[in-house]
> 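This is the structure I have questions about; it appears just below.
The sequence lines fix the lettering, A, B, ..., with proteins before strands; numbering per chain opens at 1.
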Amino acid sequence: MMTIAWFEFRTKLSRISTYVYLLVFTALAALWMAAAAGAFASANIIFSSDKVFVNSPYALGQTITVLGLLGVVVVAAFMGRAVQQDFEYQSFHFFFTSPITKREYLLGRYFGAVLILLFIFLGIAIGIVIGAHWPGVDKTRVGPWMAAGFVQPYLVMLLPNILFLGAIFFSLAALARRMLPVYIAGVVVLIGYIVALRLLRDIDNRTLAALVDPIGSTALGLVTRYWSPSEKNTQLIPLANEILWNRALWLSVGAAIFAFAYARFKLAFPNEGEGKKRKPSTDDAAAQTRLPRAVPLPQVTLDTSARAYLRQLPGLLRLYLRETVKNVYFGVIVLAGALFILANAKVAGSTFGTNTYMVTYQVIDFASGTFSIFMLIITAFYAGELVWRERDARMALIADSLPQPTWLSFLAKLFTLMGMQALLQLVVMVCGLLVQIFNGYTRFELGQYFFTLFVLQLPTYWMVAAFALMIHSVVNQKYLGHFLVILYYVSEVMAGALGYDLRLYRFANTPGLTYSDMNRYGHFLGPIFWFMAYWGAAAILMLVVARLFWVRGTDTGARVRLAVARSRWSRPIALTSAAAAVAFAAIGAYIYYNTNVLNPYRDEFARGELQANYEKAYKSFENAPQPKIIASRVNVDIYPYQHELRTSGTFTLRNKTGAPQSEVYIGLLEAATIRKLQGSIPMRAGDVRRDLGWLPYTLERPLAPGETMTLDFEIDYLPDGFTNDGARTLVVDNGTFVNSQLFPALGYQAGVEITNDNERKKHGLAPRPNRMPDLDDPVNRMRNYISGDADWIDFEATVSTAEDQIALAPGYIQKEWVENGRRHFHYKMDVPILNFYAFLSARYAVKKGEWEGAQGKVPIEVYYQPGHEYNVDGMILAVKDSLDYYTRAFSPYQHKQVRILEFPRYASFAQAFPNTIPFSESIGFIAKVDPKDPKDVDYPYYVTAHEIAHQWWAHQVIGANVQGATMMSETLSQYSALMVMKKKYGDAKMKRFLKYELDNYLVGRATERKREQALFRNENQPYIHYRKGSLVMYALQDFIGEENVNRALAAYVKKVAYQEPPYTTSRELLAELRAVTPPEYLYIIEDLFETITIYENRAVSATYKEAGPGRFEVTLKVFAKKMRSDESGAVKDVPMDDFVDIGVLGPDDKPLYLKKHRIKSGETELRIEVAEKPERAGIDPVVKLIDRRSDDNTVAVTKG
Amino acid sequence: MQLAIQNLSKRYANGVQALDNVSLTIAPGMFGLLGPNGAGKSTLMRTLATLQEADSGAAIFDGVDVLKEKDRVRRLLGYLPQEFGVYPKVTAAEMLDHFARLKGVTDSKQRKATVDALLERTNLAKVRNQRLGGFSGGMRQRFGIAQALIGNPRLIIVDEPTAGLDPEERVRFHNLLADIGRDVVVILSTHIVEDVADLCPNFAIISKGRVLLAGEPGPQVERLRGRIWRRVVAREELEAMQANMPVISTRLQTGATVVRAYSEAALPGFEGVDADLEDVYFSAVAGHVQS
């Protein structure tokens, strides 16, 4: 057996292809490593955080596993060939008649292949080392080298993968004796990986996903999910938990399959041709030695004209297509693709584990996305199969000597490929329709299916087919051809990852299109079609090459083939090539003009350069005194169908300092066209840099303290041509959403600066100590964190739009009129607002509601896209419930209306402006909330409540521009929304929601790129102010009581609403909270707000005894641990003596007992009596405390 | 109407000179091309069948330049390659119909008539609807000649057709070939001397890319009259015999080793025997006779 294995290894070792694979993996790994370590300016590969070394055990584990995934195909190729080659080369005659046993033969070949694969995958390790020493890497990203860090992933991840996958491919090849099933299996494995990634989005199934993924990277990700950066740098990949189960499971599966194949394999002549039902040839022997009847052959007329052969094209097409499609293997792969689409459907488009309505664009998106890899594999494979059809059947000599023209076979095969791809798109469409039907959604929108799948996607697939055909025609070697086509796919993916995104240089690449129910295809089709025409011309040139080099006959030498190609050059071909070449050049020039000249293309590095230059040049002006805006009166003219925006307006500025001001630094977007910009005090422009957005002006006479002046402007946004990403999305046909960032701003804009320290280094900037000014910075206390150039302003706006649309801005409608075919709206605010506002325009439908409170009636309006009625009533209800609660708990609502406005899904958020709440199409309007499903989280309701809360927390109370500012706006809004939810759904249902928050917080911590902060100092970090904020506030109200928290908040609002500078900070809010906290709970404020405190609590065991009727005695053992974490995630234990919930739950998590006990660190035993049979018991069962592993907080109660 | 081959040469990329200034004139009727394996027969066949380019030289068939006017040649051509496979799931009748279409028989009635007649001719009529995958070797060869005969070709090239056929099948095949029309050029390449002896009024011997001899079997055999000698030898003496004597062939007959030699004068210990075409072949290959 070892002889066979060794022979196999040695022969493969002497083949060039082995070294090619080795080189490929080395190169891939090297590039990957180099990019991760920052060698390429535009590349962006992060191992979850910049603080994790690129050669840490964690990063190595990821790299080796992922690159091993790419190696699936290589494993398939080698394992399959290890046994199939004997059948292809017909050498099985020798092996099967020699005295080797089945065991020696099969195992020998298998292990030989394993050895050669290990050799090839060594390339990954070599590449990693090379990549880490690449010129230009950031040396701080590379940590100390640990040999174990390399060896472990090879042993734990890669080797089992090779063994298991190898067993499957080997078995398939041994039984089928063909390579095709092996390739299909390779694809199926690749897809299995993608499906596991999708399943991961639904939290409950995470363990399942970790087991389902045969490559093991999901399990790896799961086990290390909550590791902090420092843990990732030092800890080895453990062979434990999900990783262990996963490896054990798949190794067993592999062994079982191998055993099955082993049993069925026979060292015997393979049954070819007819298989079992081989009829004996009915050849009449005796009759034949007699002279045969000299049957005269009829005279025939031959029509070998081009027209005659052209008429044969459809028949030939039908023949090839039928052959391709009626094939068992084709059916299998299509079925696999379809099944994966259907399996994915459950998880597509869900947020918080809640599904959305299966709207057509969503279904098309994920169906075609899932299937695209099948499409590409099938295209690559069948291009080769078609080109080699006659040669594989050894019919080529006969076929090639027939008088049919070369172009007949060429065209027939090309059209077969194209037709096959069209057929597959049809399969995608059918799957999509099935998914919609299964989900009870019947607005099918067949037109959209047809257009997106067949007009937008299919042509690019056709181009890939042309490319594959050309490769197989020129490269006269089937497996090399396959390799090159796959190489093209891989390079396409890598190009994207490495940041080379100029579509002008990436074959068959067109700008993407986000379909929105509101704006549909919008005006984005133009640029897409230009790119399609450009690459289409290239594809035609490729087809010309394919045609010229089409193989006919047996000559394989390069010189001869070139001579033949030259002889095939004819007039029609010359004309076609010329036309295509001219088209390619001309369209290419036009595209270049648009994407690089009219709208200069900047890659990520170039964009960063601009930001860096801004900071380098103007940071010194950061605290220069500037006038503040006190009033804004603007006109906005939206031309939706021309995609233009024209504005004019007047800002009133006042010098709020004690000294005169002569310098005004205006900030304005580069895309703006300035028609007028002048002040009531004449001003002279200084060194204007439009590309950096810096327009410095000097006033001819200074602005005295307390004096006001006006700034008049006329600014237009007129998009010119298109960009590398397609048409601009500022103004769209239906659903325009713009905000006040279009207007001039004053002073240095700190938000422009690059926040990421590694990025800063790339551009020659020192790292920033903090992302926001320090909590006690006196200068920044004089500004609010929303805008540095204003406190509160008076606001009035006139918006105009097309006659068939409604335009909105914050304010109460004063007048609406139509003039010159355009509709005008005049809005005015009666109270001051923050200097941040928005304008929207669309063909809305409106639903009206009303809330009545102590202050009177408040009209509620939801402006939505017709067809998206699903959650509108729910939103109105949420508004009412929220206003009810907030007006009673905090302070009166300061506005006289509430408006919710839908905008297209190009962005996915909701935002609160004064009495105006734009709400994205994709996050609330198409949510499918099932009121009967206890696990569903009603997130439209929740988001609405959150945005309404912002009317208090941001539009009444606004924090200073220092750390912790978002605690007042975001955290308090989260709290408010939570209380509204708690009131509606009850305390118990909050558990699922809180679990999501906890989970996202923990993930956020693990991917922190700079430094985590305690909540009260957080630097606008979403995972802290939203997620941790929710947990913290919920825990707080649980401890000290909802009423008390609200009392504190009401008092806070009274003190700081609408304040002029100096603005409030989180210290003041904490003081209010402390004031209502009983002394025994005061420690909580420090734990929750001022430190990063994490628990590791778990239930150890729980048993119960029936002490009598309706009396169950539960004995519960729990373990508690409390830790404090510093900013980089290093933890140290802290002694614990805190109040923690102890709970006993009945069926459906119904709390039979839930009370706070004082728990010390370590193990504690408790005895609790409940009235019903208990099911689960534990510590902190509803997960109100931040706990790294919350599923072990409760444990099932057994009879004891 | 003849096929004139002039100074055809071809050298493969690995240095092998497959055809070396081959010149032949082939009249209508059966023409045998005889030679050992690797002589260049298949290369010549493939070049004439428009599947390969020649480095230099020309071939003209009835005014058509075979090398440069491939399309025209293919319309007159019928080719049966040395080795070919089949699409296993297609029936004989379907495949012939497909080839007939590709050959330009666009009229469906004519096509059906042709296919039927060819199946009759090659005695495959009974298995016309059987899948090609189940055909035996002999049936496959008959199918091969059937497709070559579609469309009344005037240049028929048959490359090693009887290698691997049992004696019965060989006879059948010979009968088939013999029936092909009078003014059709049929080139039969083979290394089996009997095929040429049985079928071909004209033949040539080719070895290592060169034409050694061309002519008619009868006269060529006649030329060897009195020059072929035979002797039975012991196995130990064989090597010395081959080194010292003009041995042209060695064979085993009922266990004894028999050598035949070419010599114009008598050889000691050898008896004179009648020459046959095989002796012509071996003599030519050994270099004793040429055109």
> Which heavy atom of B:E53 sits nearest to which heavy atom of A:D555, and what is that distance?
N-OD2, 2.7 Å
> Please classify the contact of B:L77 with chain A as side chain, backbone, both or neither, using a heavy-atom distance under 4.5 Å.
side chain
> Please check if atom NZ in B:K112 has more than 12 non-hydrogen atoms from other residues, nucleotides or ligands closer than 6.0 Å.
no
> For A:L302 and B:R75, which heavy atoms make the closest approach, and how far apart are they?
CD1-O, 3.7 Å
> How far apart are the closest heavy atoms of B:K103 and A:Y309, and which atoms are they?
C-OH, 3.8 Å
> For a quick test of reading the model, state the closest non-hydrogen atom pair linking B:L51 to A:D400 and the distance between them.
CD2-CB, 3.3 Å
> With rounding to the nearest 0.5 angstrom, report the CG to OH distance, A:D392 to B:Y87.
9.0 Å
> Would you mind telling me which of A:A558, A:S401, A:A393 has the largest number of heavy-atom pairs within less than 4.5 Å of chain B?
A:S401
> With a 4.5 angstrom heavy-atom cut-off, which part of B:A113 approaches chain A: side chain, backbone, both or neither?
both
> Any salt bridge between A:R559 and B:D55, counting N to O under 4.0 Å?
no
> Taking CD in B:E83 as the centre, count heavy atoms belonging to other residues, nucleotides or ligands within less than 6.0 Å. Is the count above 12?
no
> In Å, rounded to the nearest 0.5 Å, how long is the span from CG of A:L402 to CG of B:L102?
6.0 Å
> Give, as side chain, backbone, both or neither, the part of A:E323 having an atom under 4.5 angstrom from any heavy atom of chain B.
neither
> Can you establish whether the number of heavy atoms outside B:Q2 located under 6.0 Å from its atom CD is more than 12?
yes
> Any idea which of B:G144, B:G104, B:P153 has the most non-hydrogen atom pairs under 4.5 angstrom with chain A?
B:G104
> So which atom in A:V300 and which in B:G151 form the shortest heavy-atom distance, rounded to 0.1 Å?
CG2-CA, 3.5 Å
> Pick whichever of B:I150, B:I157, B:T50, B:T106 has the most heavy-atom pairs under 4.5 Å with chain A.
B:T106
> Among A:V564, A:L397, A:L408, single out the residue with the greatest number of heavy-atom pairs under 4.5 Å to chain B.
A:L397
> Identify which part of B:Q147 has an atom lying under 4.5 Å from any heavy atom of chain A, answering side chain, backbone, both or neither.
side chain
> Check whether B:M45 gets within reach of chain A through its side chain, its backbone, both or neither, counting any heavy atom under 4.5 Å.
neither
> Rounded at 0.5 Å granularity, tell me how far OG1 in A:T304 sits from CG in B:D71.
8.5 Å
> Minimum heavy-atom separation for B:R101 and A:Q312, please, with both atom names.
O-NE2, 2.8 Å
> Chain B heavy atoms under 4.5 Å from A:R389: which part of the residue, side chain, backbone, both or neither?
both
> Could you please spell out the steps behind the side-chain contact (heavy atoms from CB on, under 4.5 Å) verdict for B:M95 and A:M395?
CA-CA 11 Å; B:M95 197 79 241; A:M395 268 285 203; 4.0 Å; yes
> Which bit of B:K10 is near chain A, if near means a heavy-atom gap under 4.5 Å: side chain, backbone, both or neither?
side chain
> Determine the option with the most heavy-atom pairs under 4.5 angstrom with chain B, choosing from A:I398, A:T556, A:T406.
A:I398
